There are 2 protein chains.
Amino acid sequence: MNATQAIAALSALAQEHRLAAFRLLVEAGRDGLPAGQIAERLAIPNSSLSFHLTQLSEAGLVQQRRDGRSLVYSANFAAMNGLTAFLTENCCGGESCAGDAAIGPVTGEEETAA
Amino acid sequence: MNATQAIAALSALAQEHRLAAFRLLVEAGRDGLPAGQIAERLAIPNSSLSFHLTQLSEAGLVQQRRDGRSLVYSANFAAMNGLTAFLTENCCGGESCAGDAAIGPVTGEEETAA
DNA sequence: GTGTTATTTCGAGAATTCTCGAAATGTCTT
DNA sequence: AAGACATTTCGAGAATTCTCGAAATAACAC
């Protein structure tokens, strides 16, 4: 994951409804949840939710599959893992970024951006 | 860290210049970096940078101290750690959210929000 | 105190994001 | 095929965020 992808993922999660939706999908695990149920649980209009699911999807954080007339969304755990890895590596100095923080400089310039 | 705080932190990092600034500060470690140097390295006007630094600061991700006429900013590693912890706990199902993902439901309702 | 350097605050315009009803699309049932 | 259901796309208005020059604030040097 490069900085551009990380920003996309961070932006996607940095919104009340999208974070809530994503947490619901994490909770739901592999099975996922149909869009309608997410909208209902979040108490927002379908069209609004659809907008947010598109954002999450474009950021690569969720995936879609059809089941009858329902579109079932599920969390992409690998992408989420990639995000936390990026944050730990680039924004914590490599370690769990815990307390003491002399923390080795992360001189990296590993990505050519997009 | 609750969802509201997490959204603030995510929003703060979900922006090109702010993510770059924060990475610079992580690299700089404890010592931090004066505002002017950050603006220079990022090649953006001081006033723009100041805006972004305020955002990072309000999200609790950086702190400020004065050194002569310079304001020196430094990363708040504890806050960053809190964010990754939140993401791991709430958006990964508790585990490193790695691959297999039956992942125990995170039924939590641990926070009353702000 | 005057001048210089470092940085922030103000203000306004540009750009982006969010919201949600109405219409369109795709699927199932009969 | 017609009707119902699940969801998305479209479009436009509302809200928020980003940008940056100019003016204000703070600290130092003389």
Side-chain angles (χ1 to χ4, degrees), chain A residues 3-22 24-25 28 31-75 113-114, chain B residues 3-25 28 31-75 114:
Chain A
T4 304
Q5 295 174 303
I7 288 172
L10 290 165
S11 298
L13 292 175
Q15 209 278 345
E16 183 188 355
H17 297 319
R18 285 196 295 266
L19 183 59
F22 189 74
L24 239 34
L25 292 179
D31 296 344
L33 238 38
Q37 269 191 50
I38 305 176
E40 193 185 353
R41 292 226 227 167
L42 259 41
I44 62 176
N46 283 332
S47 59
S48 297
L49 176 72
S50 191
F51 168 79
H52 290 304
L53 287 175
T54 299
Q55 306 276 109
L56 285 168
S57 180
E58 283 177 355
L61 287 167
V62 304
Q63 52 231 147
Q64 206 191 35
R65 73 174 187 274
R66 186 173 274 285
D67 178 18
R69 28 189 127 168
S70 289
L71 286 172
V72 177
Y73 285 86
S74 57
Chain B
T4 304
Q5 295 174 303
I7 287 171
L10 291 166
S11 298
L13 293 175
Q15 208 277 345
E16 182 187 355
H17 297 318
R18 286 197 294 268
L19 181 59
F22 188 74
R23 290 176 75 178
L24 238 34
L25 292 178
D31 297 343
L33 239 35
Q37 270 191 48
I38 306 176
E40 194 184 353
R41 291 227 227 165
L42 259 41
I44 61 176
N46 282 332
S47 60
S48 296
L49 176 72
S50 191
F51 167 79
H52 290 305
L53 252 18
T54 300
Q55 306 276 108
L56 285 168
S57 179
E58 282 177 357
L61 287 169
V62 305
Q63 52 234 143
Q64 206 191 35
R65 73 176 187 273
R66 185 172 276 283
D67 177 18
R69 27 189 130 169
S70 288
L71 287 171
V72 176
Y73 286 85
S74 56

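Within every chain, numbering begins at 1; the chains are lettered A, B, ... in the order of the sequence lines, protein sequences first and strands thereafter. Not measured: the values here are computed from a predicted model.
- Comparing the start and finish of the helix from C/dG1-D/dC30 to C/dT30-D/dA1, five pairs each, the helix axis swings through 30°, to the nearest 10 degrees.
- Closest non-hydrogen pair, B/L25 versus B/A75, comes out as CB-N, 3.9 Å.
- Taking all atoms of both residues into account, the shortest heavy-atom contact from A/A12 to A/L61 is CB-CD1, 3.9 Å.
- When DNA chain C is scanned 5' to 3' for any atom under 4.0 Å from a heavy atom of chain A, the first and last hits are C/dC18 to C/dT29.
- Judged by closest nucleotide on DNA chain C, B/L53 is the one of A/R18 and B/L53 placed further toward the 5' end.
- For B/Q63, the side-chain contact (heavy atoms from CB on, under 4.5 Å) partners at least two apart in sequence or on another chain are B/S74, B/N76.
- OP1 or OP2 of D/dT8 sits under 4.0 Å from a side-chain N or O of A/Y73.
- From B/L19, atom CG reaches atom CD1 of A/I7 across 5.0 Å, with rounding to the nearest 0.5 Å.
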Would you give me the side-chain donor-acceptor pairs under 3.5 Å for residues 37-59 of chain A, sequence neighbours excluded?
from, atom 1, to, atom 2, distance (Å)
A/H52, ND1, A/R18, NH1, 3.0
A/T54, OG1, A/S50, O, 2.9

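- DNA chain D is contacted by B/P45, B/S47, B/S48, B/F51, B/H52 of residues 39-52 of chain B, taking any non-hydrogen atom closer than 4.0 Å.
- To the nearest angstrom, C1' of D/dT8 lies 9 Å from CD of A/Q64.
- With sequence neighbours left out, A/Q64 forms a side-chain contact (heavy atoms from CB on, under 4.5 Å) with A/L71, A/Y73.
- Residues from residues 5-15 of chain A lying near DNA chain C, meaning a heavy-atom separation below 4.0 Å, are A/Q15 in numerical order.
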I'd like a table of atom pairs between the protein and nucleotides 24-30 of chain D - only N or O on both sides, under 3.5 Å - with the distance next to each one.
none

